[in-house]
Amino acid sequence: MDPMSALISPLRQPIQPDDWRLTVAPMMDWTDRHCRYFHRLLSPHARLYTEMVTSAALVRGKQLRLLEHSQQEHPVALQLGGSEPGELAIAARYGAEAGYDEINLNVGCPSDRVQSGRFGACLMREPALVGDCVRAMRDAVDISVTVKCRIGVDDQDDYADLQHFTETMIAAGVEVLVVHARKAWLQGLSPKENREIPPLDYERVYRLKREFPDLVVVINGGITSVEQVQAHLQQVDGVMLGRAAYHDPYLLAQVEAALYDEPMPTREDVLLRLRPYVEAELARGTALKHISRHLLGLYQGEPGARGFRRRLSEGAHLPGADWSLMEQAIAQPRIAA
């Protein structure tokens with residue numbers, strides 16, 4: 001049967017803006033299923049995102065293993081990359097059938113690899129095409145279809161360009177727009193350099209929310225503290241944490257406590273709660289290093305942080321590394337305290 005023949009326009013539940021109040025960005029090579037499970041232990045409320053998965057990998061490559069996740073991760077969104085509406089519709093359907101709570105389209109990544117595939121930030125130059133992609137995905141699934149974009153790209157630097165892009169997204173049915181508040185430079189800067197250049201422009205995102213009050217606007221880029229999160233939430237509906245949540249993951253617990261009045265677990269408590277997951281993954285053949293690499297920043301700035309990182313970095317890749325290595329690592333901050 002033609003996969004497209006199964007695509008219908010299902011009934012859609014109204015969105016709840018508070019569901020996007022705190023989110024963790026999709027980050028290539030970082031936010032895999034092990035990372036997301038760990039982040040969920042730190043923040044019960046945060047909406048988590050997968051690494052970007054290309055629609056071609058799912059539809060043409062049949063790599064459905066890329067959709068693997070655990071029930072404990074919810075709410076969790078699948079981020080797709082692509083620019084072919086029919087293919088994206090099928091990939092979105094696969095994601096919905098796998099149990100994801102949201103499908104997010106990447107219109108923000110500036111890497112050369114992404115540009116060569118005609119998706120990511122270069123699509124900001126083609127809002128009509130992005131609108132077609134969104135419509136196709138919305139017709140395919142009954143979960144939220146959202147877009148993550150930049151405030152601009154290359155010489156497309158007028159607010160009017162972002163305004164037009166947003167109007168096109170709304171016309172296509174987008175109700176949630178995640179905006180990285182830095183313009184993407186696709187020529188002359190590496191993706192690493194583009195993390196710092198050009199400067200962030202939060203006011204442009206605030207203006208977008210003022211002019212489109214019914215659109216759920218989530219701000220992303222350079223947010224590193226509880227105070228910054230709270231300040232942004234005075235202007236927009238939600239905040240997306242990126243590198244700060246990865247390099248200093250305990251920030252998630254601190255934000256969770258500030259926004260939702262949740263009791264803050266100790267770092268050691270979080271690791272002990274991770275033990276059943278680690279042991280289950282080891283039993284199924286996962287190497288400890290694939291999990292422990294996401295934990296290295298947990299004690300960032302705390303006594304014993306260096307010893308914790310060293311134990312994991314030096315031991316997790318060795319054959320037979322198991323929970324006993326985790327216990328040795330956990331002991332380092334205790335000794336240093």
Side-chain angles (χ1 to χ4, degrees), residues 22-25 27-46 48-51 68-74 76 223-229 241-337:
L22 174 61
T23 64
V24 180
M27 292 176 279
M28 290 296 292
D29 300 322
W30 289 0
T31 52
D32 63 16
R33 62 189 179 88
H34 307 308
C35 177
R36 297 192 304 266
Y37 191 98
F38 171 51
H39 283 175
R40 176 59 67 222
L41 295 179
L42 289 156
S43 176
H45 289 89
L48 306 178
Y49 285 73
T50 69
E51 303 170 87
E68 184 179 0
H69 65 286
S70 67
Q71 288 303 306
Q72 287 78 7
E73 292 175 38
H74 293 280
V76 59
I223 303 167
T224 60
S225 71
V226 173
E227 292 74 22
Q228 289 173 356
V229 169
L241 299 175
R243 284 176 292 151
Y246 190 85
H247 293 307
D248 183 11
Y250 198 62
L251 173 64
L252 285 172
Q254 295 167 330
V255 174
E256 179 82 24
L259 298 188
Y260 301 101
D261 202 27
E262 289 280 346
M264 206 154 50
T266 67
R267 292 168 173 84
E268 184 171 330
D269 285 342
V270 171
L271 292 174
L272 294 177
R273 287 167 54 204
L274 187 63
R275 180 173 183 171
Y277 178 83
V278 170
E279 293 186 329
E281 285 295 318
L282 293 175
R284 64 182 290 201
T286 301
L288 182 61
K289 64 182 180 181
H290 295 309
I291 303 172
S292 63
R293 71 187 184 98
H294 301 301
L295 316 179
L296 298 179
L298 183 59
Y299 285 89
Q300 180 77 19
E302 294 294 302
R306 183 176 298 178
F308 175 79
R309 290 194 303 271
R310 184 184 299 120
R311 289 282 181 167
L312 292 182
S313 299
E314 294 178 356
H317 69 282
L318 299 175
D322 59 15
W323 182 256
S324 63
L325 178 69
M326 291 290 302
E327 290 182 336
Q328 295 171 31
I330 293 169
Q332 300 304 304
R334 284 197 216 124
I335 295 168

Can you name the nearest heavy-atom pair linking [X] to [Y], along with the distance?
X	Y	value
L282	L288	CD2-N, 3.8 Å
D32	H290	OD2-O, 4.3 Å
F38	V270	CE1-CG1, 3.8 Å
L22	E256	CD2-OE1, 4.2 Å
A316	S292	CB-OG, 3.1 Å
T23	Y49	CB-CE1, 4.0 Å

Euclidean distance, [Y] [atom2] relative to [X] [atom1], rounded to 0.5 Å:
X	Y	atom1	atom2	answer
M326	L295	CE	CG	5.0 Å
Q254	D248	CD	CG	6.5 Å
L325	L318	CG	CG	8.0 Å
S43	L48	OG	CG	7.5 Å
I291	L312	CD1	CG	11.5 Å
L42	R267	CG	CZ	9.5 Å

Given side chains that start at C-beta, do those of [X] and [Y] come closer than 4.5 Å, heavy atoms only?
X	Y	result
Q332	R310	no
Y299	L271	yes
L251	V226	yes

- Task: Give a yes-or-no answer on whether the side chains of Y277 and H34 include a donor-acceptor pair shorter than 3.5 Å.
- Result: yes

- Just checking, any donor-acceptor pair under 3.5 angstrom between side chains of H294 and Y246? yes

Main-chain N/O of [Y] paired to [X] side chain as donor or acceptor, under 3.5 Å:
X	Y	result
E51	D29	yes
E279	P276	no
R33	H69	no
E327	W323	no
R40	A46	yes

- Task: Return the orientation label for the H45 and Y260 ring planes: parallel under 30°, perpendicular over 60°, tilted otherwise.
- Result: parallel

- Neighbour count >12 (heavy atoms, 6.0 Å) for atom CZ, R273: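 It does: R273 CZ has more than 12 such atoms within range.
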
- When you look at H247 and W30, which way does the side chain to side chain contact (heavy atoms under 4.5 Å, CB included) test go after all the steps? CA-CA 10 Å; H247 293 307; W30 289 0; 3.4 Å; yes

